[in-house]
Amino acid sequence: MGEEKDLKLETRSVKGYWDIQYRWRFNTAYLARYAQGLKDKKILGTRCPKCQRVFVPPTYICGRCLVEIKDWVELKGEAELIAYTVAYSAITGEELKEPNIIGMIKFEGADSWSLAQIKEIKPEEVRIGIKLKPVWKEERKGQLGDIKYFVPV
């Protein structure tokens, strides 16, 4: 006890490939409408006509029902923190000047989760379930970056 072990795990790999064929389509019109809402400080989502689940960011096919979604809804900007992580160093290994808190959030009225940066709170004060609100850029351009980050309500 008290002695650190130098554990070196070998990374294993197997040569070969998977021949998986699929079609994937990205509907840019939905993302454009979502981004335009951000310009107007609005959180927009889509609602499945069958199961009534609400997706933010919006999607045009319900993953559960496999039906097309055409109904748009506006949500309150408040969200609940579902999960989070705190980074004290950059991906390059250098220490950050201040910890970076990234969370999975669920907007009030939505059934899906989104990634968000959380600020104006100390890492030791962050708790699952806290309510958050967006901090908007002064000049918004209809881009995903129009929300700078989220802060506790």
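Just so you know, these numbers use all the heavy atoms, side chains as well, and skip hydrogens, waters and symmetry mates. What you see is a predicted model, and the numbers here were worked out from it, not measured in a lab.
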Between [X] and [Y], which heavy-atom pair has the shortest distance, and what is it?
X    : Y    : answer
A110 : V56  : CB-CG2, 4.1 Å
L38  : L144 : CD1-CA, 3.9 Å
E124 : R127 : O-NH1, 2.9 Å
G77  : I43  : CA-CG1, 4.0 Å
P152 : K133 : O-CE, 4.3 Å
S89  : G93  : CB-O, 4.0 Å

Please say yes or no: joined through hydrophobic side-chain contacts below 4.5 Å, possibly via intermediate residues, are [X] and [Y] part of one cluster?
X    : Y    : value
M104 : L81  : no
I128 : I130 : yes
Y149 : Y34  : no

For this session: Show your working on side-chain contact (heavy atoms from CB on, under 4.5 Å) between L115 and I102 and close with a plain yes or no.
Result: CA-CA 7 Å; L115 274 175; I102 301 294; 3.9 Å; yes

For residues [X] and [Y], determine if any side-chain heavy atom of one lies less than 4.5 Å from a side-chain heavy atom of the other.
X    : Y    : answer
R64  : R53  : yes
I118 : V151 : no
T46  : T59  : yes
I121 : I101 : yes
V126 : V86  : no
F107 : S112 : no
K141 : K39  : no

Exercise. Using the benzene-type ring in the case of Trp, are the ring centres of W113 and F55 under 6.0 Å apart?
Worked result: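 No, too far apart.
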
Working to the nearest 0.5 Å, report the span between [atom1] of [X] and [atom2] of [Y].
X    : Y    : atom1 : atom2 : answer
S114 : F150 : OG    : CZ    : 7.5 Å
D111 : C62  : CG    : SG    : 9.5 Å
E120 : L132 : CD    : CG    : 11.0 Å
Q117 : I147 : CD    : CD1   : 12.0 Å
T28  : Y60  : OG1   : OH    : 9.5 Å

Problem set entry | Neighbour count above 12 (heavy atom, 6.0 Å) for E98 CD |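 Counting other residues, nucleotides and ligands, CD of E98 stays at 12 neighbours or fewer.
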
For this session: Taking Q143 for its side chain and R140 for its backbone only, find out whether a donor-acceptor pair lies under 3.5 Å.
Result: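 Not a single qualifying donor-acceptor pair exists.
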
Problem set entry | Test: R33 cationic atom under 6.0 Å from W72 six-membered ring centre, within 45° of axis |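 So R33 does make the cation-pi contact.
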
Problem set entry | side-chain contact (heavy atoms from CB on, under 4.5 Å) between V54 and L75, intermediate numbers included | CA-CA 10 Å; V54 174; L75 303 168; 4.2 Å; yes

For this session: Kindly write out the residues that satisfy ring-ring contact (aromatic ring centres under 6.0 Å, His included) with W136, not counting sequence neighbours, or none if the list is empty.
Result: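 Counting only residues at least two positions away or on another chain, W136 forms no ring-ring contact (aromatic ring centres under 6.0 Å, His included).
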
Exercise. Please, which pairs that meet salt bridge (charged side-chain N to carboxylate O under 4.0 Å, His left out) have at least one residue in residues 70-95, sequence neighbours excluded?
Worked result: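 Non-adjacent pairs meeting salt bridge (charged side-chain N to carboxylate O under 4.0 Å, His left out): K76-E108, E80-K131.
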
